[in-house]
Amino acid sequence: MSKMTLWSIVSKMPPECFNSLYVEFPLKLRQLLGEWLENQPWEFLQGSDAFYTSTVGSILTNMMKELCGALSGRGSEDEWIPQYVNMLEALCRRNPLKMVEVFRSILEGEKAVILKQFHRLPPSFCQKQEEMKFNLAVQRLCYKLNQIHTMEESMRQSKENLPVHEGALKGQQWTSQIMEAVTELENVQVQLVKRISIWKRQQQLAGNGAPFDGDLHPLQDRCESLFDVYLQLSQELVKADTELGMEHFPGVLDRLNSSLSVLVKSSFLVEHQPPQVPKTQTKFQANVRFLLGLKLFSNSAKLPLVKATVVTEKQARELVRNPVPERSSENMGDIVNNMASLELNLTTRVCGASFKNILLKKIKRCERKGSESVTEEKCAILFSTDVTLSAHNVTFHLQTFSLPLVVIVHGNQDNNAKATVLWDNAFSEVERIPFVVADLVPWPRMCEMLNLRFVSEVQTSHGLTRDHFFFLAQKIFNDSTSTAEDFQERCVSWAQFNKELLPNRGFTFWQWFDGVVDLTKKYLKNYWSDKLIIGFISKQYLQKLLLPQLDGTFLLRFSDSEIGGITIAHIQKNVDGSAQVQNIQPFCAKDLAIRSLADRIHDLKQLQYLYKEKPKDIAFKAHYTKEQSEKNSWGYVPTRITIIVEGDQSQPPPISIPAWPASPQESSQGTPTNSIHSSMYSPPTSVPISFSPIQDPNLTPPAPMRPSFPTDQSGSPVSRAPAWPACPQESSQGTTNSTIQ
């Protein structure tokens with residue numbers, strides 16, 4: 001729904017949902033206007049002064065042109081429509097503000113119906129409304145500036161001929177117009193700064209995988225339009241000072257200068273963020289953007305330098321309170337290549353500085369609070385520079401922070417550092433003290449974050465479902481008795497997310513979940529996207545699903561006991577008619593790198609139907625690997641890897657090639673098999689992977705060869721140790737071995 005317009009949703013809904021809306025403006029006409037109606041600022045046309053009256057008249061004139069254009073291509077049906085349009089045109093001239101109320105009421109009603117059904121409006125619609133509000137406010141400011149300029153011209157031309165009392169009256173009007181314009185400029189600037197903050201927040205959410213439009217040109221246009229208004233208003237204030245004296249404008253100059261300072265400083269942004277989990281001694285990139293560079297530097301020969309420094313959370317808070325503090329002697333990080341010049345591209349209208357090879361050589365850790373670990377310690381990169389507005393002889397110190405970073409020195413810190421960043425990105429507020437974030441969040445918000453992470457990392461359109469969230473809630477809360485509705489009212493803490501170990505496990509919830517995401521991204525994306533994997537389901541619940549099913553029915557679930565594992569649970573019917581669910585030992589990344597999940601399922605003959613009752617060869621056919629059956633270009637007969645479950649009677653066990661007797665060291669390991677083993681989940685058995693040559697049907701198999709053993713003079717075989725001893729890894733793996741059959 002993110003790219004939809006309001007009308008694209010309304011037009012697909014049953015007309016009876018909107019029966020009461022189209023009384024004064026018939027549905028047929030509403031259909032003719034379509035999206036045009038929602039692209040007008042009806043909601044913000046609240047006044048009745050000259051500006052609003054003029055704006056409304058212009059919009060209604062355009063509406064009549066839109067209706068006439070839509071009618072020109074229609075046939076003779078609905079002959080009443082042209083007559084109604086003529087009547088509507090007369091009403092627009094007679095009472096234009098009444099028509100504004102009608103259209104505002106229609107749009108409000110349509111929004112209410114959509115909210116009731118979908119619980120939210122299309123984001124593109126909301127963004128368009130905000131843009132219209134800002135543009136209308138800027139148009140009103142420009143209208144007022146024209147009024148001020150007209151008043152100034154009138155005062156100057158008739159200054160000598162005006163009576164004293166009329167001159168004083170006009171002076172008061174002039175003063176009032178300027179004061180009103182300054183107030184409106186401040187209000188519009190608040191709206192702009194809020195929009196910039198929202199852009200920054202959306203950029204942070206993009207760090208978790210949320211969709212994000214990073215184009216800064218719309219914000220740059222806003223900043224430039226307000227900057228132009230400021231310059232014009234400053235010029236009018238200078239003229240008014242000359243004619244009337246600054247005592248008529250108490251505090252106005254300070255207010256204007258303060259507004260300019262906020263506007264210039266807010267226009268300095270990090271366009272492309274550095275990695276949020278940077279590693280020392282590893283290069284990375286970043287880019288900053290100055291949205292008013294085109295206005296301030298178009299005639300400058302040399303542009304200022306931007307400096308990048310590492311600041312702690314505490315230092316960031318101090319810099320927010322006092323943007324130009326005394327330089328601290330404490331250096332929190334040693335950065336190389338941390339200076340870059342602002343560059344101005346007139347073709348693309350971009351002013352920015354690119355840091356292409358930043359290198360963080362070392363980081364100084366802060367004193368941590370309580371049980372806080374190094375991977376919970378947040379810092380940021382501060383980008384700063386000084387720019388001078390020569391026309392006003394004023395210098396501004398610009399600074400902007402990167403998103404919070406967690407610096408690591410070892411790769412094994414990456415997982416926990418990502419958890420800190422993920423939590424901060426998901427749950428921080430638009431305006432906050434650096435880098436404060438809630439320690440306790442509602443479970444539904446956690447679900448949004450987990451789903452966003454999963455979908456963006458795996459790159460799939462198949463997100464997590466209500467059943468998945470129910471299982472995840474049971475896991476993170478260690479609660480199998482509450483209902484899904486109960487969990488909706490609960491909150492989850494940072495400690496539950498990535499500090500406390502899961503019961504009877506050696507890892508946290510986040511470490512387990514991230515392992516699932518990583519495995520799915522690398523090896524299971526297509527299976528997940530094709531909805532072949534249930535994934536997030538408990539052993540207890542799968543028992544309920546599988547026990548009533550046909551023999552050989554199976555499903556795929558993510559392992560509870562291993563990080564980054566997927567297991568097959570299948571129903572097995574016994575001779576006496578009883579049934580039990582078997583869980584095959586999980587396959588992890590190294591297993592799936594050797595043989596794909598689909599091929600493993602194909603190998604296991606006891607697996608017949610994917611839950612529910614879908615033959616596996618139909619479900620997984622598109623995912624099977626095509627086996628090579630002919631000799632390759634070198635004349636070799638190809639081989640393939642297959643897996644079996646030990647104890648399974650549906651296929652013969654691999655045949656062992658006789659070999660010389662094992663050494664005492666090997667003998668202690670049990671009888672080796674000609675396969676690679678892994679054990680069952682429940683009960684523990686083995687899953688051998690055998691290597692079988694693929695036979696060419698045109699070749700006659702050779703006669704079996706009798707193994708040759710060295711014998712003594714009596715013909716008895718002589719025991720001889722192999723040419724090399726078993727390696728330590730083999731000695732510790734029990735019955736696991738590998739050979740070619």
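This is a predicted model, so every value here is computed, not measured.
- Salt-bridge check for D386 with K307: failed, with every basic side-chain N at 4.0 Å or more from each acidic carboxylate O.
- Salt-bridge check for E110 with R30: passed, with a basic side-chain N closer than 4.0 Å to an acidic carboxylate O.
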R201 and E429: CA distance, side-chain angles, deciding distance, salt bridge (Lys or Arg N to Asp or Glu O under 4.0 Å) verdict: CA-CA 8 Å; R201 178 67 184 129; E429 301 296 333; over 6 Å; no
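- Between R432 and E313, no side-chain nitrogen of the basic residue sits less than 4.0 Å from a carboxylate oxygen of the acidic one, so the salt-bridge criterion is not met.
- Salt bridge E89/R93: present, at least one basic N to carboxylate O contact under 4.0 Å.
- Checking D424 against Q204 by side-chain atom types alone, a donor-acceptor pair falls below 3.5 Å.
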From CA spacing to verdict: ring pair (Phe, Tyr, Trp, His ring centres under 6.0 Å), W174, F249: CA-CA 11 Å; W174 192 13; F249 307 96; 7.6 Å; no
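- The ring-ring contact (aromatic ring centres under 6.0 Å, His included) pairs that include a residue from residues 7-33 are F25-F103, where partners are two or more places apart or lie in different chains.
- Formation of a donor-acceptor pair under 3.5 Å by the Q276 side chain with backbone atoms of P404 is found in this model.
- Around the CG atom of D49, the shell of radius 6.0 Å holds more than 12 heavy atoms that belong to other residues, nucleotides or ligands.
- A donor and an acceptor atom, one from each side chain of S402 and Q273, are nowhere located under 3.5 Å apart.
- Ion pairing between a basic and an acidic side chain is recognised when a charged N comes within 4.0 Å of a carboxylate O; K98 and E24 show such pairing.
- For F355 and F383, the gap between ring centers is short of 6.0 Å.
- Smallest separation of non-hydrogen atoms from T5 and S8: O-OG, 2.7 Å.
- In this structure, K265 contributes its side chain and Q399 its backbone to no donor-acceptor pair below 3.5 Å.
- Side-chain contact check for V262 versus V193: some heavy-atom pair is nearer than 4.5 Å.
- Note that CH2 of W80 is 9.0 Å distant from CE of M87, once rounded to the nearest 0.5 Å.
- The pair R195-E131 does not meet the salt-bridge criterion, since no charged nitrogen lies less than 4.0 angstrom from a carboxylate oxygen.
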